[in-house]
Amino acid sequence: MGFPRPLSVIQQPGQIILVPSGWSHQVHNLDDTISINHNWVNASNIDNMENHLLNELKDVENEISDCKTMEGWHEQCELILKSNSGMKMNEFQTFLKFILNRRQQGIWNSKEEDDESKSWQIDFDIETILKMLNKSLID
C-alpha cells in the first residue's frame, strides 16, 4: 500500500482551507499571513478525544495516587485533567449531550429538499454519540 499523493494548494487572499480530521499537513506561507486554526472534533474522531481524556485522567490518578485518601481526591484529579486537557469528564458528557440535542433538532428542522449528505451526517453523528453515551453508562 502506497502513501497518498500530496496535494499542493496556493491559497488566495480571502480563501479558507479546511483540512479534514486526521489529515497530516504542512503549510509554507508565501507572504505575511494570519492563520486562525481550530482543532475540530467530530463524530469521526470523537472517540479519540474520549480516549485521550480517559488516558490523561488515568495518568493524573497514577501521578497523585499517594494522595488518594485525601478528601476530594477525585475532584482534584478532574481539576488537573481540565488544566492539562481543557475539559473534565463530566464536561465531555455534557458536550456529547449538547451535540446530540443539536443533531436531533437538525432532524426535526430539516426540510425534504435538504441534501442526503446532511441527513447521513446527522444520523452518523447521533449513532456515534449514542454509542459513546451508552458505553459510558455501562463502564
Side-chain angles (χ1 to χ4, degrees):
M1 183 169 129
F3 291 102
R5 211 175 93 226
L7 302 172
S8 180
V9 177
I10 296 180
Q11 182 179 6
Q12 299 300 320
Q15 291 182 328
I16 296 173
I17 295 179
L18 170 69
V19 178
S21 299
W23 279 36
S24 300
H25 65 285
Q26 178 179 350
V27 175
H28 174 79
N29 296 319
L30 301 175
D31 208 344
D32 291 340
T33 304
I34 295 175
S35 175
I36 302 171
N37 298 284
H38 187 71
N39 294 320
W40 295 97
V41 175
N42 58 41
S44 296
N45 65 9
I46 191 85
D47 57 330
N48 293 339
M49 181 178 181
E50 180 186 43
N51 290 335
H52 171 75
L53 289 171
L54 289 170
N55 289 332
E56 286 292 313
L57 182 58
K58 284 179 190 175
D59 288 348
V60 168
E61 290 171 346
N62 288 334
E63 190 65 32
I64 63 169
S65 62
D66 58 322
C67 302
K68 201 168 191 172
T69 57
M70 172 182 95
E71 185 179 331
W73 178 79
H74 184 71
E75 290 78 14
Q76 187 63 38
C77 291
E78 289 279 340
L79 186 62
I80 295 170
L81 173 67
K82 182 171 183 164
S83 176
N84 291 344
S85 298
M87 187 177 290
K88 297 178 184 180
M89 291 307 298
N90 67 334
E91 293 171 338
F92 179 68
Q93 295 292 321
T94 301
F95 175 68
L96 290 177
K97 291 173 188 174
F98 173 80
I99 294 172
L100 181 61
N101 185 31
R102 293 295 299 253
R103 295 306 182 263
Q104 288 172 329
Q105 288 175 8
I107 288 175
W108 296 323
N109 296 333
S110 66
K111 299 177 179 133
E112 286 185 32
E113 64 267 11
D114 284 349
D115 65 312
E116 287 184 36
S117 64
K118 180 179 176 185
S119 174
W120 175 88
Q121 187 65 54
I122 289 171
D123 291 346
F124 179 75
D125 290 355
I126 289 173
E127 181 181 331
T128 301
I129 291 170
L130 285 175
K131 282 180 188 176
M132 294 183 78
L133 289 171
N134 286 332
K135 179 183 165 247
S136 68
L137 290 174
I138 293 169
D139 293 345

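Only heavy atoms go into these numbers, but all of them, side chains included; no hydrogens, no water, no symmetry mates. The residues of the chain are indexed from 1 along the displayed sequence. The structure displayed is predicted, hence computed values, not measured ones.
Grouping Ile, Leu, Val, Met, Phe, Trp and Tyr residues whose side-chain heavy atoms lie under 4.5 Å apart, directly or via other members, leaves M70 alone, with no other cluster members.
Rounding to the nearest 0.5 Å places CG of N101 at 12.5 Å from CG of L96. Here CD1 of I129 is found 12.0 Å from CZ of R102. Values are rounded to the nearest 0.5 Å. D125 contributes atom CG, which lies 10.5 Å from atom CG of L130 (distance to the nearest 0.5 angstrom). From I126, atom CD1 reaches atom CG of L133 across 11.5 Å, with rounding to the nearest 0.5 Å.
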> How far apart are the C-alpha atoms of L54 and F92, what are their side-chain angles, what is the distance that settles it, and do they pass the side chain to side chain contact (heavy atoms under 4.5 Å, CB included) test?
Replying inline: CA-CA 11 Å; L54 289 170; F92 179 68; over 6 Å; no
>> Using the rule given for side chain to side chain contact (heavy atoms under 4.5 Å, CB included), can you reason through I99 versus R103, listing the C-alpha separation, both sets of side-chain angles and the distance that settles it, and then say yes or no?
In response: CA-CA 6 Å; I99 294 172; R103 295 306 182 263; 4.0 Å; yes
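Residues satisfying the ring-ring contact (aromatic ring centres under 6.0 Å, His included) criterion with F98, sequence neighbours excluded, are absent altogether. Applying the salt bridge (Lys or Arg N to Asp or Glu O under 4.0 Å) rule to E50 yields the partners K135; only residues at least two apart in sequence or on another chain are considered. Evaluation of the salt bridge (Lys or Arg N to Asp or Glu O under 4.0 Å) rule for K58 yields no partner, not counting sequence neighbours. Partners of K131 by side-chain hydrogen bond (donor to acceptor under 3.5 Å, both in side chains), not counting sequence neighbours, listed by chain and number: E127.
Closest approach of M132 and I46 over heavy atoms only: SD-CG2, 3.2 Å. Shown here for N29 and V27, the closest heavy-atom pair between the two residues is OD1-CG1, 3.5 Å.
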Quiz: residues 71-85 side-chain donor-acceptor pairs under 3.5 angstrom, not counting sequence neighbours:
from : atom 1 : to  : atom 2 : distance (Å)
W73  : NE1    : I64 : O      : 3.0
E78  : OE1    : M89 : N      : 2.8
K82  : NZ     : E91 : OE2    : 2.9
S85  : OG     : H52 : NE2    : 3.3

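Around CD of E63, the count of heavy atoms belonging to other residues, nucleotides or ligands within 6.0 Å does not exceed 12.
A single hydrophobic cluster is seen to contain both L7 and I17, as judged by linkage of ILVMFWY side chains at heavy-atom distances under 4.5 Å, directly or through other members.
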